[in-house]
Number of protein chains: 2
Amino acid sequence: MDAVDRKILRILQQDASLTVAEIGRAVGLSTTPCWKRIQKLEASGVIRKRVAILAPDKVGFGVTAQVSVQAGDHGRETVEAFIVAVQAMPEVLEFQRVAGDVDFCLRVVTVDIPHFEDFYRRLTSLMPLRRVSSYFELQQLKSETALPLALAPGARLQAPIADPAPGG
Amino acid sequence: MDAVDRKILRILQQDASLTVAEIGRAVGLSTTPCWKRIQKLEASGVIRKRVAILAPDKVGFGVTAQVSVQAGDHGRETVEAFIVAVQAMPEVLEFQRVAGDVDFCLRVVTVDIPHFEDFYRRLTSLMPLRRVSSYFELQQLKSETALPLALAPGARLQAPIADPAPGG
DNA sequence: TATGAAACCGTTTCTCT
DNA sequence: AGAGAAACGGTTTCATA
């Protein structure tokens with residue numbers, strides 16, 4: 001993966017609806033080699049998928065929360081069952097095991113506070129937990145799905161991507 | 001927005017590389033009306049954008065962390081400058097003001113621990129902070145960009161989307 | 001608001017450098 | 001590896017119900 005591949009990825013992370021010809025123009029390549037590079041990036045799993053990002057408020061989700069969980073002192077099997085159950089909860093978008101003074105972090109969306117309370121009740125009844133903290137989002141200050149490729153190993157620091165000039 | 005629109009959105013959130021004809025087939029519509037609905041969902045801002053999702057490890061990001069920040073007792077202007085500075089830090093993917101015993105939550109990616117230390121030093125020198133907690137991700141248990149539309153107001157509970165049958 | 005046919009344009013393949 | 005031309009297929013428009 002070279003600098004041109006990284007440029008392509010930076011563009012596709014920002015807007016995957018551009019045509020191959022437009023992307024090629026932006027990275028200084030004609031459509032065929034640009035298309036071949038994209039195919040390779042998809043085949044090798046660097047590009048995992050292409051998705052549509054929705055506006056949570058426009059589909060009725062008013063609450064998003066960060067939840068930290070400290071597990072009680074339970075056996076491996078209990079914790080594994082907990083993990084499977086949490087993974088299956090649709091309101092959980094992100095779920096990770098972490099190192100620190102908590103064991104798990106979750107990012108949760110719900111329609112409103114009563115729905116969150118219902119979620120919370122279901123979560124805490126899965127297994128006895130030592131501590132659970134919920135942080136409700138008051139203001140979304142930044143939300144990115146794009147990885148900062150300018151910081152990736154091998155990247156020369158680059159300026160942000162300019163739109164391809166309309167006049168060519 | 002009706003049940004068909006929600007079906008379309010559920011599909012597009014999962015895989016935005018499907019053709020309009022395929023999506024139409026999955027929701028029981030021919031391509032033209034399906035295409036019109038997608039256009040409307042884009043125009044109204046329900047669909048914010050289409051993006052490529054990359055594999056962090058394949059581009060060299062080995063560390064992702066959740067960082068909680070409790071602000072010191074500072075004036076509005078100091079905090080606003082802090083917010084602007086954090087928004088500009090490329091390693092910060094998510095950044096929100098929250099209610100609870102911390103003030104801000106961040107989701108951060110870096111190449112490795114030394115790079116995280118560098119980030120941490122820059123973050124903590126922006127403004128005196130009362131407390132900063134970092135939780136390093138040990139295991140990604142779930143990672144979704146798709147909102148759980150089955151829980152959205154107005155949604156009848158629906159089964160997961162089946163792939164359109166290969167044979168037609 | 002849905003459909004099918006047709007026009008248009010982007011993607012994919014092929015050939016050549 | 002990259003370029004350009006051609007074939008293919010998906011998108012977008014149009015006419016119609």
Side-chain angles (χ1 to χ4, degrees), chain A residues 1-54 58-59 149 152 154-156 158 161-168, chain B residues 1-54 58-59 149 152 154-156 158 161-168:
Chain A
M1 199 178 66
D2 63 8
V4 175
D5 284 328
R6 272 188 293 270
K7 270 195 188 182
I8 292 172
L9 292 173
R10 288 213 286 159
I11 294 170
L12 248 20
Q13 283 195 121
Q14 235 43 70
D15 185 355
S17 72
L18 296 171
T19 68
V20 177
E22 285 169 322
I23 298 165
R25 208 169 305 139
V27 305
L29 233 45
S30 66
T31 96
T32 307
C34 183
W35 178 83
K36 280 184 187 169
R37 280 168 181 268
I38 293 170
Q39 292 299 111
K40 210 168 186 175
L41 290 165
E42 278 170 346
S44 64
V46 174
I47 297 174
R48 280 209 312 143
K49 54 182 175 176
R50 290 151 183 264
V51 302
I53 303 293
L54 309 189
K58 302 235 178 182
V59 289
L149 292 184
R156 292 261 109 279
Q158 284 162 350
I161 301 148
D163 301 31
Chain B
M1 199 178 68
D2 63 8
V4 175
D5 284 328
R6 272 190 292 271
K7 268 195 187 182
I8 291 172
L9 291 173
R10 288 212 288 159
I11 294 169
L12 247 20
Q13 282 195 120
Q14 237 39 74
D15 184 355
S17 71
L18 296 171
T19 67
V20 177
E22 285 168 322
I23 297 165
R25 207 169 305 139
V27 305
L29 233 45
S30 66
T31 95
T32 308
C34 183
W35 179 82
K36 280 186 184 167
R37 281 167 180 266
I38 293 170
Q39 292 300 110
K40 209 169 187 174
L41 291 165
E42 278 170 347
S44 64
V46 175
I47 297 175
R48 280 207 313 141
K49 54 183 175 176
R50 291 151 183 264
V51 302
I53 303 293
L54 309 189
K58 302 235 179 182
V59 289
L149 293 184
R156 294 258 108 282
Q158 286 161 348
I161 303 149
D163 301 31

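In the text below, chain A, chain B and the rest are named by the order of the sequence lines, each starting its count at 1. It should be emphasised that the depicted structure is a prediction, and the values quoted were computed from it without experimental measurement.
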| field | Distance, nearest 0.5 Å, that separates NZ of A/Lys58 from CG of B/Leu9 | value | 12.5 Å
| In Å and rounded to the nearest 0.5 Å, what is the OG to NZ distance from B/Ser17 to A/Lys49? | 11.0 Å
| message | Without decimals, in angstroms, what is the distance between B/Ile23 CD1 and D/dG10 P? | response | 12 Å
| task | Nearest whole angstrom, please: distance from the P of C/dT17 to the CG of A/Leu29. | result |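 Rounded to whole Å, this separation is 20 Å.
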| task | Any chance you could lay out the side chain to side chain contact (heavy atoms under 4.5 Å, CB included) test for A/Leu54 and B/Leu12, step after step, and finish with the verdict? | result | CA-CA 9 Å; A/Leu54 309 189; B/Leu12 247 20; over 6 Å; no
| note | The contact string for nucleotides 4-16 of chain C, one letter per nucleotide 5' to 3', using protein heavy atoms under 4.0 Å with B, S and - for base, sugar-phosphate only and none, comes out as BB----SSBBB--
| Given the rule in the side chain to side chain contact (heavy atoms under 4.5 Å, CB included) test, do A/Asp15 and B/Val51 qualify, once you have shown the distances and angles that lead to the verdict? | CA-CA 5 Å; A/Asp15 185 355; B/Val51 302; over 6 Å; no
| message | I'd like to know if B/Arg48 pairs up with B/Glu42 as an ion pair, taking the criterion as any Lys NZ or Arg NE/NH1/NH2 lying under 4.0 Å from an Asp or Glu carboxylate oxygen. | response |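 Between B/Glu42 and B/Arg48 there is no salt bridge, as every charged N stays at least 4.0 Å from the carboxylate O atoms.
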| said: Looking at B/Asp2 and B/Arg37, is any side-chain nitrogen of the basic one under 4.0 Å from a carboxylate oxygen of the acidic one? | reply: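 So B/Arg37 pairs with B/Asp2 through a salt bridge.
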| request: Take A/Asp5 and A/Lys40, measure what side chain to side chain contact (heavy atoms under 4.5 Å, CB included) needs, and give me the verdict at the end. | output: CA-CA 10 Å; A/Asp5 284 328; A/Lys40 210 168 186 175; over 6 Å; no
| task | Give a yes/no on whether any side-chain N or O of B/Arg37 is located under 4.0 angstrom from OP1 or OP2 of C/dA2. | result |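 Affirmative; the distance criterion is met.
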| request: Could you list by number each residue of residues 40-53 of chain A showing a heavy-atom separation from DNA chain D of less than 4.0 Å, or answer none if no residue does? | output: none
| Worked verdict on B/Glu22 versus B/Thr19 for side chain to side chain contact (heavy atoms under 4.5 Å, CB included) | CA-CA 5 Å; B/Glu22 285 168 322; B/Thr19 67; 3.2 Å; yes
